[in-house]
Amino acid sequence: MDSLSISTNQLLISNKFYSKTDFFALGYQVAFHNKKNKLCLKRAVQITPDHTTNLSDIVTHINQLQKPIFKSLANFRNLFQKLKQINSLIGSNQPKINLIAFNNNLQPEANEIRERLWAVHATSVIPQDSELKVFNSIMNDKPLVFRKEEVGVSRTLHFAIGELVRPHGKTQTWDYVPFAILVPFGVLLDTAKVINIFTYDTMVLGNWKIPVSAILIVPEEMVQVATANYPFKIVTYPTAHMTLREAVSREILQQKGIQVSMTNRVCGLGARAFIDGEININSMSFFNSIFTANSDLSFGDASHSLRGRAESLGHIRLITSDIHQLSTNFPRIKAPFLQMHILIHIKGCAVILQHHLERAQGYLTLADQDKIKGYISRCESVFSLSQQNLPYKLQARLFHHLSYPELRIYQLQHPEIFKTCYNEFEFETLWALSRWLFLGLTKAKIEQLEVLYNALMEAWIKTKPKKISAEFVSLMNDYLEEDSKTSETMLYILRLESTRRYLQTVTDSPLKLNYGAATVREVLQSHVKLGYLCVGDKHILQETIDRYSREKPEQMHLILRWRFIPLETNLNKMRSSFSALEEADEFIQSLDEQISSLHVPLMLGDDNEDTDMVMQGTETLQFYKKHFRSPAQMWKLLGLEKEFGLLFNNEDEVWNSGMSFMTIYNILRMPSFKI
């Protein structure tokens with residue numbers, strides 16, 4: 001009965017869909033064999049009464065049926081193009097074939113992935129011994145006196161798949177390094193200890209000897225590097241009219257490899273990598289055949305694994321570096337609330353680091369383990385310096401790696417962290433939310449997290465919270481887009497009755513959300529009062545502009561004056577004034593940066609009371625240096641060019657000044673103001 005059920009409910013597809021031949025151009029029609037559940041391409045004379053030819057009915061059949069597993073990437077690419085052609089024949093208001101459902105069943109054979117995909121490593125230096133070394137190995141090769149400056153614990157090398165690694169965040173990019181090493185993905189699997197697969201960030205444990213089959217991409221003017229007698233192929237590119245990214249793509253195409261297109265500034269779970277513009281290969285299902293042959297492999301970004309435990313190495317690298325920076329800078333911080341924030345964060349780092357140290361066994365050398373234990377000890381000693389109460393709320397998401405029993409043990413061992421700064425149910429509910437998003441729907445069911453979350457949320461609601469939690473907002477903002485795999489989890493949680501009642505409580509108004517919407521963003525946008533939670537949405541943009549115009553009118557006047565826009569500007573004019581900033585959230589970030597730059601003194605430790613909030617040296621005037629070629633140009637826009645010339649003998653004095661922009665502005669406006 002089961003086998004019959006599967007066969008009758010599974011879609012069958014004619015071989016013509018896997019062919020490169022354009023049957024549409026030859027006059028074939030789309031048909032669906034009702035009894036066989038088979039999608040066909042038929043000449044008109046071959047169509048029988050058993051066939052449906054109405055596209056709307058065909059699409060309904062296709063979307064309802066179970067899709068087969070597609071083992072050949074080449075065949076699937078041809079099928080995908082023909083399915084797109086069918087969709088193009090359908091009217092704009094009619095349902096289309098769900099192409100994502102087909103894409104999700106793409107599971108190519110291992111040999112096709114190994115041979116057609118290429119791994120790419122960007123680098124500034126090619127070692128003479130042809131061995132790429134991890135950070136720890138590089139440091140260990142240095143004289144002892146330099147090892148004292150060693151920061152963090154890093155045991156991995158990183159590769160992108162199918163193209164040069166994409167920029168991370170706003171500033172981190174590899175587009176301007178001179179070299180790239182290309183190697184067939186299968187060769188990388190055979191010659192290196194690959195522990196994690198992800199198109200944006202495939203990780204190798206330990207050093208890697210570059211194999212003979214690799215290709216080194218080198219700028220033409222640096223071709224002398226070839227004199228090192230490297231055993232692998234060297235390909236040059238002209239930097240005058242070709243970027244490293246273009247050179248890498250050219251070579252992959254030359255090698256008959258598959259070109260992949262990823263996205264700038266996106267590198268986390270759910271980030272997609274396309275071939276042919278629409279076929280996503282950055283998924284566990286796509287690499288299923290590789291995982292079958294290598295059961296220990298992880299899948300995910302550097303700090304989140306959907307399978308495996310490679311994420312622990314990413315967390316160790318980030319946390320140890322973080323601890324070093326925080327503990328080094330701590331003596332320089334004067335603001336009490338920032339001191340508390342850092343102390344709590346460092347204390348949290350200790351327990352998280354211990355957790356990942358245990359999970360990373362087998363990945364770390366004994367020296368690495370000893371070093372990590374030293375970081376844990378440093379966390380404990382720094383925290384013990386404080387005998388004060390802790391008014392700053394510890395982020396619950398810091399502990400999402402801990403199970404509930406582990407969390408409770410930690411709370412009992414360290415009551416000083418929680419006793420003054422948290423409502424117990426608020427912290428634990430937010431932990432449950434973070435844990436759920438971290439685990440995903442399937443693993444969360446195993447832990448019965450939904451039952452726990454509902455109970456904690458009900459207890460929190462009974463305390464009658466006055467306003468929505470900032471961390472709850474932050475977590476929702478992290479999963480607004482449907483591109484994120486975890487957005488499905490966030491949507492599920494958002495639709496729970498307990499979550500609805502919480503939002504009803506904190507908004508203090510009838511909550512009419514469209515819980516059937518496809519994304520978290522759309523659910524929130526359906527309610528005006530919650531719409532501002534969506535980063536990049538007009539609600540938050542307008543609110544930000546209004547707030548600054550009301551609370552900091554002088555600063556907003558300056559910013560608008562630079563852009564030749566009146567203070568009473570409307571939203572659309574305000575957005576268009578930053579033509580280079582296409583996204584509203586980028587606009588808000590820029591606006592925040594400018595507003596704070598007007599106030600904040602350049603030098604850390606300024607005795608001005610207004611600088612207690614400063615956590616590290618903010619190069620205030622450097623922001624304006626990026627936007628204006630000279631200070632005179634900047635002050636001319638503000639009608640203060642004459643006063644500027646009297647105050648400063650040369651322009652460098654302004655860029656090097658220890659005063660804030662606002663201080664200089666006040667001096668120029670009021671000549672009687674004393675410096």
Side-chain angles (χ1 to χ4, degrees), residues 117-139 141-142 151-152 154-185 187-188 191-192 194 196 198-211 213-228 230-255 257 259-267 271 273 301-302 314 317-318 321 626:
L117 287 178
W118 284 70
V120 182
H121 177 81
T123 180
S124 299
V125 179
I126 301 296
Q128 290 189 350
D129 60 1
S130 301
E131 183 178 58
L132 292 182
K133 295 183 179 181
V134 298
F135 174 79
N136 287 22
S137 295
I138 293 172
M139 291 303 301
D141 287 344
K142 291 187 175 183
V151 177
S154 177
R155 290 274 294 140
T156 51
L157 298 169
H158 300 259
F159 294 77
I161 297 177
E163 70 165 342
L164 186 73
V165 58
R166 287 283 178 165
H168 293 1
K170 302 288 183 186
T171 58
Q172 196 172 7
T173 179
W174 290 262
D175 283 62
Y176 304 106
V177 301
F179 310 117
I181 300 165
L182 279 64
V183 65
F185 190 56
V187 173
L188 184 69
T191 60
V194 178
N196 181 77
F198 202 63
T199 57
Y200 288 79
D201 194 3
T202 290
M203 294 190 288
V204 166
L205 182 68
N207 301 340
W208 179 59
K209 188 77 172 180
I210 305 173
S213 54
I215 298 172
L216 174 61
I217 308 292
V218 182
E220 284 182 349
E221 62 270 24
M222 301 177 72
V223 72
Q224 63 270 21
V225 73
T227 59
Y230 289 124
F232 33 82
K233 178 181 177 181
I234 294 178
V235 173
T236 62
Y237 68 99
T239 56
H241 58 271
M242 180 178 283
T243 65
L244 178 62
R245 182 173 300 282
E246 291 168 340
V248 167
S249 295
R250 180 189 66 177
E251 189 58 30
I252 289 175
L253 189 63
Q254 182 72 24
Q255 297 297 325
Q259 291 184 307
V260 178
S261 178
M262 290 180 269
T263 306
N264 288 340
R265 304 194 304 274
V266 176
C267 53
D301 62 38
R317 175 171 58 85
L318 293 171
S321 179
K626 289 186 294 185

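- Here Arg245 pairs with Glu163, Asp175 under the salt bridge (Lys or Arg N to Asp or Glu O under 4.0 Å) rule; sequence neighbours left out.
- Contact of the Thr173 side chain with the Asn264 side chain is not registered, since no non-hydrogen atoms from C-beta on lie closer than 4.5 Å.
- Contact between Leu244 and Val177 at its shortest, heavy atoms only, is CD2-O, 3.2 Å.
- Contacts of Thr202 classified as side-chain hydrogen bond (donor to acceptor under 3.5 Å, both in side chains), with partners at least two apart in sequence or in another chain: none.
- The two atoms that bring Ala180 and Val248 nearest to each other are CB-CG2, 3.7 Å, heavy atoms only.
- At a threshold of 4.5 Å between non-hydrogen side-chain atoms, the residues Thr199 and Met262 count as touching.
- How far CG of Asn207 is from NZ of Lys133: 6.5 Å, rounded to the nearest 0.5 Å.
- Scanning both residues, Ala122 and Trp174, for their nearest heavy atoms gives CB-CB, 3.9 Å.
- Listed by chain and number, the residues in a salt bridge (Lys or Arg N to Asp or Glu O under 4.0 Å) with Lys209 amount to none (sequence neighbours excluded).
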*Check against side chain to side chain contact (heavy atoms under 4.5 Å, CB included), Arg250 and Val235*: CA-CA 11 Å; Arg250 180 189 66 177; Val235 173; 3.8 Å; yes
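- A donor-acceptor pair under 3.5 Å is absent between the side-chain atoms of Tyr200 and the main chain of Ala273, judged by distance alone.
- Within the 3.5 Å criterion, the main-chain N or O of Asp201 finds a donor-acceptor partner in the side chain of Asn196.
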Please tabulate, for the side chains in residues 213-221, all donor-acceptor contacts under 3.5 angstrom to protein atoms that are two or more places apart in sequence or on a different chain.
from   : atom 1 : to     : atom 2 : distance (Å)
Glu221 : OE1    : Thr239 : OG1    : 3.3
Glu221 : OE2    : Thr239 : OG1    : 2.9

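- Shown here are the side chain to side chain contact (heavy atoms under 4.5 Å, CB included) partners of Ser249, two or more places apart in sequence or in another chain: Gln259.
- The two residues Arg317 and Ala302 come nearest to each other via the heavy atoms NH2-CB, 4.0 Å.
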*asked:* side chain to side chain contact (heavy atoms under 4.5 Å, CB included) for Leu132 and Val204? Distances and angles first, verdict last.
replied: CA-CA 11 Å; Leu132 292 182; Val204 166; over 6 Å; no
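- Annotation: ring pair (Phe, Tyr, Trp, His ring centres under 6.0 Å) contacts of Phe159 (sequence neighbours excluded): His121, Trp208.
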*Intermediate values then yes/no, side chain to side chain contact (heavy atoms under 4.5 Å, CB included), Ile252 and Val260*: CA-CA 10 Å; Ile252 289 175; Val260 178; over 6 Å; no
